[in-house]
Structures are given as structure tokens and as C-alpha cells.
J.: 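Below is a structure I'd like to ask you about.
Per chain, numbering begins at 1; letters A, B, ... match sequence-line order.
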2 protein chains.
Amino acid sequence: MRLFTEHGFAAVSMRQIAAEVGVQAGALYLYTPNKQTLLFNLLSEQMQGAIEALKHADLTGSAARRLDNFVRSHFQFHMGGPDAAFMPYTELRNLTPANYEKLEVMRRIYEDALEQIIIDGHDSGEFDVDDSKLTTLVLISILNGVLSWYRPGGRLSLDRVEAHYIEIIGKAVCGFGYEGAERPAAE
Amino acid sequence: MRLFTEHGFAAVSMRQIAAEVGVQAGALYLYTPNKQTLLFNLLSEQMQGAIEALKHADLTGSAARRLDNFVRSHFQFHMGGPDAAFMPYTELRNLTPANYEKLEVMRRIYEDALEQIIIDGHDSGEFDVDDSKLTTLVLISILNGVLSWYRPGGRLSLDRVEAHYIEIIGKAVCGFGYEGAERPAAE
DNA sequence: GTCTATAGGAAGATAGAC
DNA sequence: GTCTATCTTCCTATAGAC
């Protein structure tokens, strides 16, 4: 997963992977029938893990609270452990159409869970969003964006970054008292 | 650029590119010394274009106004024309270290322009952000995120999406009256 | 379960005819 | 400027020894 993340699926050879784990290329085929299946399994396990993590998150109470906990779950699963890794959505394009479809199903489960929180917050008046689908897409790009730049041991601790993201995402969906509420959205 | 965006640099062969433009593979080498230079030139022109577009944007007045116009410039350059294309940041990993460094310089110019707006808005009290660098990173992921999902002819017009992004980004940096300002950021 | 060896094909890039 | 043909290298995947 680390090699695919760093260089991209097509740029990584089975020989490189083999060298990384200390075997010869042929030995890899004892563990995967081919390179494509290896990619699919990695992406699939990752997506499944994120969905599993959600099941253990506390998604009760107000929409604001549920949103906060969704973000926490996302952070904890993807960046929590010492050997946490993440292959960006970009690698989905390297899947065969059949495998891509299978992953789309999982991806939709995850993103729909987020969208439902946004919809509920909108309906209850807690959130000020005028398009739940669009807002969800924005939040997903925010959540995935952090995975592409955050590296442990940098200027900011993971807790600090998580707290910042919870705040900025909260503000993005909250319109209470926002002075620009009246101003024209476009020129 | 379209092929690299769709499949990734390493997954696209010179033969595919040649077929796309209607020549044989060898003929491509009349236009580029090699594949790596082709990638670098495409990414470099794209980055340079975004910086040029900024120069024509109106970045005067309040920080909020400058931020709105930065977002407009980003949208107009990357998604404006009929043949607008965009290679995601992901492709930067396929550059040689020397080429990567050159692009980093350009990328920093662009992102620093955004960060300066955030810093100024923070200093003037217009924005409620506690870490300008981190906020800039979030805004960049939002701005680049739209490029990965937006396709002309979809449910929402470009103007509509642009307006939505201007609003949500405005809210993300504005803290006026945000009821959660007091609540603990992390559990 | 891992190795060496290799089949079979596709990749980037070049040479030389036209 | 473009073609065909080709060099060389690297790729995925397999075969068979140990």
C-alpha cells in the first residue's frame, strides 16, 4: 500500500514490491493471483475498515455531534495507528471496471452515512446548507485532503489537526450569525 | 493531459498518446525529448496558467473579498473554458526529483498567495482562524477536490457550484457568532 | 514456501527511409 | 514531419527445482 500510494499503481512493479518485503517476484503469486487483485484487495480492505470504524462510532444525538464523531472516526481509522496507511481515491482509476463497481458500492455506503448527517442537520435547522449532496462532496474532499499532506512528526500533532478539522468543518455547515448570509453568493 | 488525468502517468504509453492524436509513436519525439519532459511541461504550463490567472484577478479590498476573488480565479482558470483540463496534484509524484522541485516553487507561489489572504484576514480580525497554514491546506484541498468530481453537464451548473464553494469557504474562515466557538474542539 | 529461470509481450526511445 | 522497423529493457506471470 505504501508503494502504490507513493508512486501509483502502474508505476510500481511486482519486483519492487517483492524487494520491499524481501522475497523474489515469483513468490508474490503465492499470495495474490495477480497485481490487479492485490490492488483491489488493498483498496477493498481499506474501505471496509473505514465503514467498520463508523459502526463503532457514536452517531447519536444532534447532527453537529454526529458530524464531529464522523470526523473523529475518519481520523482515527485512517491516521490512528502507527502503521496507518491510505491509498488515495486516485488509485480507483486503476481498477478494472468490475472491481471499480464493487468499490463504488462501498464508497457510497461511507459517503451516504455522511450525507445523511448533513441532510438531518439541514432538516432540523441545525445546519445551514442549501445542497446536501454538494456539501457532502466538499466535506469528503476536506477529509481526504488531510490524508495526502499529513505526516506524523510534523509541526502539528494529530490531535491538534483533528481538532482543527472538526472546527472548520463545523463552521462550514453552520450558518448561525454568519454575516455573509445576506450577501450575494456570486458577483 | 486528458489521458494522464484519466489513467495516471505511468499507465499511459507513448503509443496510446500517439494513437489519440493520430500519429505513430515515434513521431511524438519530434515534440518532446521524452515522456518525463512531456509530463513536466503539461504540469508546468498548468501551474503557470493558474498563477497568471491570479494576476488578472482583483485582489484588493477586504480579505473576504480577496478570498472570494481567489476562488473565482481558481474556478475560471481550471474549469472555465470548453477544453479546460486539470491534472491532479497526484501526478507530481511521477516527476523526477529535479522537476518536482521546479514545480514546488510554482506551487508555493500559488498557495502562498492564498495563505497571505488568510493571514491578512486573521490579522485584521475579519477571519476566525487559529492556524493560517493549516487553514490554507484545507482550502487548497477543497479547491482541488472540486476538480476531481465536477463534470460539465451534470446536475449543477458551474456558476451554481462556484457560488456554493465561495459561500462554504467563506463560512469556514468566518467565526462570527458561531455557536460552537466555545465548545471543546476535541472530546 | 521460496527460489531460479524464463516465456511472452509491451514499454520508451532511436534509426533511417520517404 | 511522419512513417516503419527495431533495439533494449522492463514488465507480468508461470514452470519446475529444492
J.: Take A:Tyr110 and A:Phe70 through the test ring pair (Phe, Tyr, Trp, His ring centres under 6.0 Å) and record every step on the way to the result.
T.: CA-CA 10 Å; A:Tyr110 193 68; A:Phe70 186 101; 5.1 Å; yes
J.: Going by number, which of residues 90-97 of chain B have a non-hydrogen atom under 4.0 Å from DNA chain C?
T.: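 Of all residues in residues 90-97 of chain B, none places a heavy atom under 4.0 Å from DNA chain C.
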J.: Residues two or more places apart in sequence or in another chain: which of them pass salt bridge (Lys or Arg N to Asp or Glu O under 4.0 Å) with B:Asp123?
T.: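 Salt bridge (Lys or Arg N to Asp or Glu O under 4.0 Å) check on B:Asp123 returns nothing, list empty.
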J.: Would you grab the first and last nucleotide of DNA chain D (5' to 3') that comes under 4.0 Å of any non-hydrogen atom in chain A?
T.: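 Terminal contacting nucleotides, 5' to 3': D:dC11 to D:dT14.
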J.: How many whole angstroms separate atom NZ of B:Lys35 from atom C1' of C:dA13?
T.: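 In whole Å, C:dA13 C1' and B:Lys35 NZ are 12 Å from each other.
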J.: With sequence neighbours left out, which residue pairs that include part of residues 25-52 of chain A fulfil the salt bridge (charged side-chain N to carboxylate O under 4.0 Å, His left out) condition?
T.: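 Non-adjacent pairs meeting salt bridge (charged side-chain N to carboxylate O under 4.0 Å, His left out): A:Glu52-A:Lys55.
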J.: So, using ring-ring contact (aromatic ring centres under 6.0 Å, His included) as the criterion, who are the partners of A:His78 when residues are at least two apart?
T.: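 With sequence neighbours excluded, A:His78 shows a ring-ring contact (aromatic ring centres under 6.0 Å, His included) to A:His74, A:Phe86, given in chain and number order.
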J.: Using the salt bridge (Lys or Arg N to Asp or Glu O under 4.0 Å) criterion, which residues pair with B:Glu104? Sequence neighbours excluded.
T.: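 Testing B:Glu104 for salt bridge (Lys or Arg N to Asp or Glu O under 4.0 Å), a comparison that skips the adjacent residues, returns B:Arg107, B:Arg108.
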J.: Tell me every residue that passes salt bridge (Lys or Arg N to Asp or Glu O under 4.0 Å) with B:Lys133, counting only those two or more places apart in sequence or in another chain.
T.: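 If we apply the salt bridge (Lys or Arg N to Asp or Glu O under 4.0 Å) test to B:Lys133, skipping adjacent residues, the hits are B:Glu115.
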J.: Please go through B:Val105's hydrophobic cluster and name the other residues, only I, L, V, M, F, W, Y counting, with side-chain heavy atoms under 4.5 Å joining them.
T.: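 Once heavy-atom contacts under 4.5 Å are chained together, B:Val105 still belongs with nothing else.
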J.: Of all of residues 6-18 of chain A, which get a heavy atom below 4.0 angstrom from DNA chain D, listed by number?
T.: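 Here the set is A:Val12, A:Ser13, A:Met14, A:Arg15.
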J.: Sequence neighbours left out, what passes salt bridge (Lys or Arg N to Asp or Glu O under 4.0 Å) with A:Arg93? Give chain and number order.
T.: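 Residues passing salt bridge (Lys or Arg N to Asp or Glu O under 4.0 Å) with A:Arg93: B:Glu91.
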J.: Hey, what else clusters with A:Leu30 if you join Ile, Leu, Val, Met, Phe, Trp, Tyr whenever side-chain heavy atoms sit under 4.5 Å?
T.: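 A:Leu30 shares its hydrophobic cluster with A:Tyr31.
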J.: Would you mind reading off the distance between B:Leu28 atom CG and C:dT14 atom P, rounded to a whole angstrom?
T.: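 Checked: the CG to P distance equals 13 Å.
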J.: Who passes ring-ring contact (aromatic ring centres under 6.0 Å, His included) against B:Phe4, sequence neighbours left out?
T.: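 B:Phe9.
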